[in-house]
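What follows is a set of notes on a single structure, which appears directly below.
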Amino acid sequence: MSKMQTANQPALSRRAIRTRLLLTLIYAALVPYLIYRVGTERYHLSAVNALLLAALSPAIGTLIEFVRKRQMSVLGLLALVGIAAKVVSALLFNNARVVLISDSLLTGVYGLLLLGSVLIGKPVTVTLVTNMYATSPEQREQMKQRLQASETHRHVMILTAMWGVGLLLLLAISVLLTYTLPIATVVLVRPVIDYGMIAALIAGTVAYGYVLRVRKRRQIAREGQA
């Protein structure tokens, strides 16, 4: 498919978005929950082994997405990293609740990294964006300079802080659920909360960008009338 065809494609409809979200929740929440229940109740697997077996569902979903699109989304990459964390924690601790919380601990570490970069005035998102979109060292340096301009830098700092706080809040919610609810319930509920929080952060980022564009247009209009 050419770049022209891609550019002319209409944005995803609300129905398509709902369908994609439903499919994601099925393989990330419902299927793991069913695998865990069947594994522990019918085949008498340990909670740790059942959790590792249930983790295969989101892993397979992520790999299917990679095969179809020939690229992996950020959420897909995070899912694979989370699964790896569960395997490592299972080998080290053999504790079901530690396995459940291991991927959230990585989320919390990333949240702390974001907030720490804001505190020192060098938001890590600048490096992430430049490495993601720049194709040469020269282009990377130019993008970094634009993102570090006074006004843009302030907006990047705000968004970075928002994501850092959101990820730490997600960690706190995950810890609370993991140590207060039955394991099977956490397996079902956690992915819904995780995706909901990420969706809220993305929506907040989009809304913030929209507000900035509206302010810019109004400013240009005022300057044109002056």
Closest non-hydrogen atoms of Ile83 and Ala59, given as atom of the first, atom of the second and distance, are CD1-CB, 3.4 Å

Are the side chain of Ser104 and the backbone N or O of Thr107 linked by a donor-acceptor pair below 3.5 Å?
no

More than 12 heavy atoms of other groups within 6.0 Å of Arg217 CZ:
yes

4.5 Å side-chain heavy-atom contact, Leu113 and Tyr110:
yes

Closest heavy-atom contact between Gly166 and Leu201?
CA-CD2, 4.1 Å

For Leu100, is there any backbone N or O sitting under 3.5 Å from a side-chain donor or acceptor partner on Arg190?
yes

Is there a continuous path of hydrophobic side-chain contacts, each under 4.5 Å between heavy atoms, that joins Tyr179 to Ile193?
no

Taking the side chain as everything from C-beta on, heavy atoms only, tell me whether Met162 gets closer than 4.5 Å to Leu159.
yes

Trace of the side-chain contact (heavy atoms from CB on, under 4.5 Å) decision for Thr160 with Val156:
CA-CA 6 Å; Thr160 303; Val156 172; 3.9 Å; yes

I need the Leu53 CG to Asn49 CG distance, nearest 0.5 Å.
8.5 Å

Rounded to the nearest 0.5 Å, what separation is found between the CG atom of Leu176 and the CD1 atom of Ile101?
9.5 Å

Within one Ile-Leu-Val-Met-Phe-Trp-Tyr cluster: Leu177 and Tyr33, side-chain cutoff 4.5 Å
yes

Would a distance-only check, ignoring hydrogens and angles, find a side-chain to backbone donor-acceptor pair under 3.5 Å from Thr185 to Leu181?
no

Specify the closest pair of heavy atoms between Pro32 and Pro58, including all atoms of both residues, with the distance to one decimal.
CG-CD, 3.9 Å

side-chain contact (heavy atoms from CB on, under 4.5 Å) assessment of Leu167 paired with Ile198:
CA-CA 8 Å; Leu167 293 180; Ile198 297 300; 4.2 Å; yes

Can you check whether Pro123 reaches Met157 side chain to side chain, under 4.5 Å on heavy atoms?
yes

Mark yes or no for whether His153, through its side chain, and Gly121, through its backbone, hold a donor-acceptor pair below 3.5 Å.
yes

For the backbone of Tyr27 and the side chain of Ser57, can you confirm whether one donor and one acceptor N or O come within less than 3.5 Å of each other?
yes

Side-chain touch Val48/Asn95, heavy atoms, less than 4.5 angstrom:
no

Got Leu212 and His155 here, is their nearest side-chain heavy-atom distance under 4.5 Å?
yes

Can you give me the closest heavy-atom contact between Pro191 and Leu25, atom names plus distance?
O-CD2, 4.4 Å

Are Val31 and Leu56 linked, directly or through other ILVMFWY residues, by side chains that come within less than 4.5 angstrom of each other?
yes

Tell me the closest heavy-atom pair linking Ile183 and Ala96, and the distance in Å.
CD1-CB, 3.5 Å

Does the side chain of Val214 come within less than 4.5 Å of Tyr210's, by heavy atoms?
yes

Could you measure the distance from the CG atom of Leu51 to the CG atom of Leu45? Nearest 0.5 Å is fine.
10.5 Å

Should Leu106 and Val81 count as side-chain neighbours, where that means a heavy-atom distance under 4.5 Å?
yes

To the nearest 0.5 Å, tell me how far Leu92 CG sits from Ser102 OG.
10.0 Å

Using the rule that two of Ile, Leu, Val, Met, Phe, Trp, Tyr join whenever any of their side-chain heavy atoms come within less than 4.5 Å, decide whether Val189 and Met197 are in one cluster.
yes

Rounding to 0.5 Å, atoms CZ (Arg213) and OH (Tyr208) come to a distance of 12.5 Å

Looking at CG of Asp194 and CG of Leu171, how far apart are the two atoms once the value is rounded to the nearest 0.5 Å?
10.5 Å

Mind checking whether Val186 and Thr178 have side chains closer than 4.5 Å, heavy atoms only?
yes

If you look at every heavy atom in Leu168 and Gly108, which pair is closest and at what distance?
CD2-O, 3.4 Å

Could you state whether Leu52 and Leu91 fall into the same hydrophobic cluster, counting links through intermediate Ile, Leu, Val, Met, Phe, Trp or Tyr residues with side-chain heavy atoms under 4.5 angstrom apart?
yes

